[in-house]
Amino acid sequence: MNALTATNRNFRHAARILGLDTKLENSLLIPFREIKVECTIPKDDGTLVSYVGFRIQHDNARGPMKGGIRYHPEVDPDEVNALAQLMTWKTAVADIPYGGAKGGIGCNPMDLTVSELERLTRVFTQKIHDLIGTQRDVPAPDMGTNAQTMAWILDEYSKFHGHSPAVVTGKPIDLGGSLGREAATGLGVVYGTEALLAEYGKSVSDMTFVIQGFGNVGSWAAKNIFDRGGKVIAVSDITGAIKNSNGIDIRALMKHKEGGGTLKDFQGGDAMDPNDLLVHQCDVLIPCALGGVLNKDNAGDVKAKYIIEAANHPTDPEADEILSKKGVVILPDIYANAGGVTNIQGFMWDEDQVNRELNKYMTKAFGDIKAMCKTHNCSLRMGAFTLGVNRVARATLLRGWEA
């Protein structure tokens, strides 16, 4: 199912549960602003090439909008729109004073040199600089982008508006970035997992884990699970997948990858078909890659008891229904991967303080979700959606949305 269709479906369901006025419901669904720009750059060989960039600013009722910028070949308006809407509900679930936005450029960063990526980032920033800012919209890294990308945006934006380090999150420490930011989403996934398992009298150390995606989020989630005594028995990334029923040494795997190695040539596990990873026998499945990976075709074969949605929209609504009937407990993305959005307040804390605050936000948010589940007799997904949508709706009404 199309990502925007699926996200809208979840929103409409939450709106019905809450009994929202139809006009208000439609108002909350429509993005505040949609931006589409053409970014033409010279390649290193002198030829010109053009890419299309997007920034969808969904809602600012609770504060300035914020959200990642991804560089990926499949970036399109529907995907960016869906992700922007999810950011609105995510910041509300985490109860931080921000709204939702998302951006992207339809390109394959692997095909571009560093200098080409820098030129592309600077041109994109030139096209949107007057529509972003600390009081308007704060970009962040996402798939295909990183701290260096944010540094280029910061520098280009500052040429127009003066020194503005707070215009982006996820920037390098030397440019005012926060300690712990790189690990925040993955660590937040583990805090959320701990909160969920505690409801069932279990802990991370009791469980076996399968993790799809070993990028920024997946690797940090895996490391924190490993350090807590959890057994990660299978992982995958774009190069392949490995398994080890006795548990993979995640610290050794991270060191192997940092040294230029790939999953396929890591000696601490056996190669497996990446397509089998999602249905591999385990207690907890954590998809950390692309959206829509759990669908009606494979949901019936999933063997995990718990699914932690570290990726955005990894579970299609049809798969949601199949998994729920099987009794699989799903921790939804708008809560599970919210760790990265909590760390944007601008406080210069040490890393331990950052992580304590992150844990506090994630624990409180889980309690708030459970309260909504109890009130409305609904799933964790609808508990999270009703929590987020209700907070945005209340802020919208208080500001006088019909004025």
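Atoms considered below: every heavy atom in the structure, side chains included; atoms not considered: hydrogens, waters and symmetry mates.
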Less than 3.5 Å apart, any donor N or O on the side chain of Asn146 or Thr149 sitting next to an acceptor on the other? yes

For the side-chain hydrogen bond (donor to acceptor under 3.5 Å, both in side chains) test, which of Asp333, Asp142, Asn337, Thr7 pairs with Asn312? Asn337

Pairing of Asp206 and Arg228 as salt bridge, 4.0 angstrom limit: no

Could you tell me whether the side chain of Asp352 reaches within less than 4.5 Å of the side chain of Arg356, counting heavy atoms only? yes

Testing the basics here: between Leu387 and Ala365, what is the closest heavy-atom pair and its distance to 0.1 Å? CD2-O, 4.3 Å

Do the non-hydrogen side-chain atoms of Met65 and Phe32 ever get within less than 4.5 Å of each other? yes

Taking the side chain as every heavy atom from C-beta outward, state whether Arg70 and Thr145 have any pair of such atoms under 4.5 Å apart. no

Do Asn359 and Thr363 have a side chain donor and acceptor closer than 3.5 Å? yes

Closest contact, heavy atoms only, Thr208 versus Cys282: OG1-CA, 3.5 Å

Quick check: are there more than 12 heavy atoms from other residues, nucleotides or ligands sitting under 6.0 Å from CD1 of Ile238? no

Would you say CZ of Arg394 has more than 12 non-hydrogen atoms from neighbouring residues, nucleotides or ligands within 6.0 angstrom? no

Side chains of Asn355 and Tyr191 in contact at under 4.5 Å (non-hydrogen atoms): yes

Test item: Phe160 and Gln126 side chains (from C-beta on) under 4.5 Å apart, heavy atoms: yes

Return the CD to CG distance between Gln267 and Asp249, rounded to the nearest 0.5 Å. 13.0 Å

Quick check: are there more than 12 heavy atoms from other residues, nucleotides or ligands sitting under 6.0 Å from CD of Glu199? yes

Trace of the side-chain contact (heavy atoms from CB on, under 4.5 Å) decision for Leu331 with Ile307: CA-CA 6 Å; Leu331 197 65; Ile307 294 174; over 6 Å; no

Between Tyr200 and Tyr306, what is the ring plane arrangement, given parallel below 30°, perpendicular above 60°, and tilted in between? perpendicular

Could you tell me whether a side-chain N or O of Arg33 sits under 3.5 Å from a main-chain N or O of His58, the two making a donor and an acceptor? no

Given Ile330, which partner from the list Ile308, Asp320, Leu196 fulfils the side chain to side chain contact (heavy atoms under 4.5 Å, CB included) test? Asp320

Do Ile35 and Leu131 touch side chain to side chain, with heavy atoms closer than 4.5 Å? yes

Check ion pair Lys296-Glu321 (N to O, under 4.0 angstrom): no

Crowding at NZ, Lys303 (>12 non-hydrogen neighbours, <6.0 Å): yes

With the threshold set at 4.0 Å, does a side-chain nitrogen-carboxylate oxygen contact exist between Glu34 and Arg55? no

Spacing of SG belonging to Cys373 relative to CZ belonging to Arg381, to within rounding of 0.5 Å: 11.5 Å

Mark yes when over 12 heavy atoms from residues, nucleotides or ligands other than Lys202 sit less than 6.0 Å from its NZ; otherwise mark no. no

Check whether any side-chain heavy atom of Ile69 sits under 4.5 Å from a side-chain heavy atom of Thr121, and report yes or no. no

Give the ring-plane orientation class for Trp89 versus Phe11, where under 30° counts as parallel, over 60° as perpendicular and anything between as tilted. parallel

Measure the spacing between CG of Leu397 and CZ of Arg399 and express it to the nearest 0.5 Å. 12.0 Å

Asp95/Arg62 ion pair, N-O < 4.0 Å: yes

Answer yes or no: are there more than 12 heavy-atom neighbours, outside Lys264 itself, under 6.0 Å from its atom NZ? no

Please determine whether side-chain contact (heavy atoms from CB on, under 4.5 Å) holds for the pair Phe124 and Glu156, giving the CA-CA distance in whole Å, both sets of side-chain angles, and the decisive distance to 0.1 Å. CA-CA 10 Å; Phe124 182 56; Glu156 197 64 28; over 6 Å; no

Check against side-chain contact (heavy atoms from CB on, under 4.5 Å), Ile369 and Met372: CA-CA 5 Å; Ile369 291 168; Met372 293 299 275; 5.8 Å; no

Carefully, step by step, assess Lys102 and Asn81 under the rule side-chain hydrogen bond (donor to acceptor under 3.5 Å, both in side chains). CA-CA 7 Å; Lys102 205 77 175 186; Asn81 211 315; over 6 Å; no

Any idea which heavy atoms bring Ala310 and Val189 closest together, and the distance? CB-CG2, 3.7 Å

Going through the checks in order, is the side-chain contact (heavy atoms from CB on, under 4.5 Å) test met by Cys39 and Leu120? CA-CA 7 Å; Cys39 302; Leu120 179 59; 3.7 Å; yes

Of all heavy-atom pairs between Cys288 and Gly213, which one has the smallest distance, and what is that distance? CB-O, 3.9 Å

Would you say that Leu290 contacts Met143 through its side chain, given a criterion of any heavy-atom pair below 4.5 Å between the two side chains? yes

Lys326 NZ to Lys305 NZ distance, which is reported to the nearest 0.5 Å: 11.5 Å

Would you say His256 and Asp265 are linked by a side-chain donor-acceptor pair, where the criterion is simply a distance under 3.5 Å? yes

Between the side chains of Asn2 and Glu79, does any donor sit under 3.5 Å from an acceptor? no

Is a side-chain donor-acceptor pair under 3.5 Å present for Thr386 with His376? no

Distance from Thr5 atom OG1 to Arg9 atom CZ, nearest 0.5 Å? 10.0 Å

Charged N to carboxylate O below 4.0 Å: is that the case for Asp276 and Lys243? no

Rounded to the nearest 0.5 Å, what separation is found between the CZ atom of Phe226 and the CE atom of Met254? 11.0 Å

Are Asp316 and Asn295 close enough, and set up right, to give a side-chain hydrogen bond (donor to acceptor under 3.5 Å, both in side chains), and what steps lead you there? CA-CA 5 Å; Asp316 276 351; Asn295 50 57; 5.3 Å; no

Search all heavy atoms of Val293 against all heavy atoms of Pro287 and return the closest pair with its distance. CG2-CB, 4.2 Å

Checking Lys43 side chain against Val49 main chain: does a donor-acceptor pair fall under 3.5 Å? no

Might you point out which heavy atoms bring Leu278 and Val302 nearest each other, and give the distance in Å? O-CG2, 3.9 Å

Check this for me, if you would: do Lys66 and Asp137 make a salt bridge, where the nitrogen-to-carboxylate-oxygen distance has to be below 4.0 angstrom? no

Could you tell me which residues satisfy side-chain hydrogen bond (donor to acceptor under 3.5 Å, both in side chains) with Lys231, sequence neighbours excluded, listed by chain and number? none

Step by step, work out the side-chain hydrogen bond (donor to acceptor under 3.5 Å, both in side chains) result for Ser50 and Thr40. CA-CA 4 Å; Ser50 290; Thr40 302; 2.6 Å; yes

Taking the basic N atoms (NZ, or NE/NH1/NH2) and the acidic carboxylate oxygens, is any pair closer than 4.0 Å for Glu118 and Arg122? yes

Step-by-step side-chain hydrogen bond (donor to acceptor under 3.5 Å, both in side chains) determination, Ser115 to Asp44: CA-CA 8 Å; Ser115 58; Asp44 289 349; 2.9 Å; yes

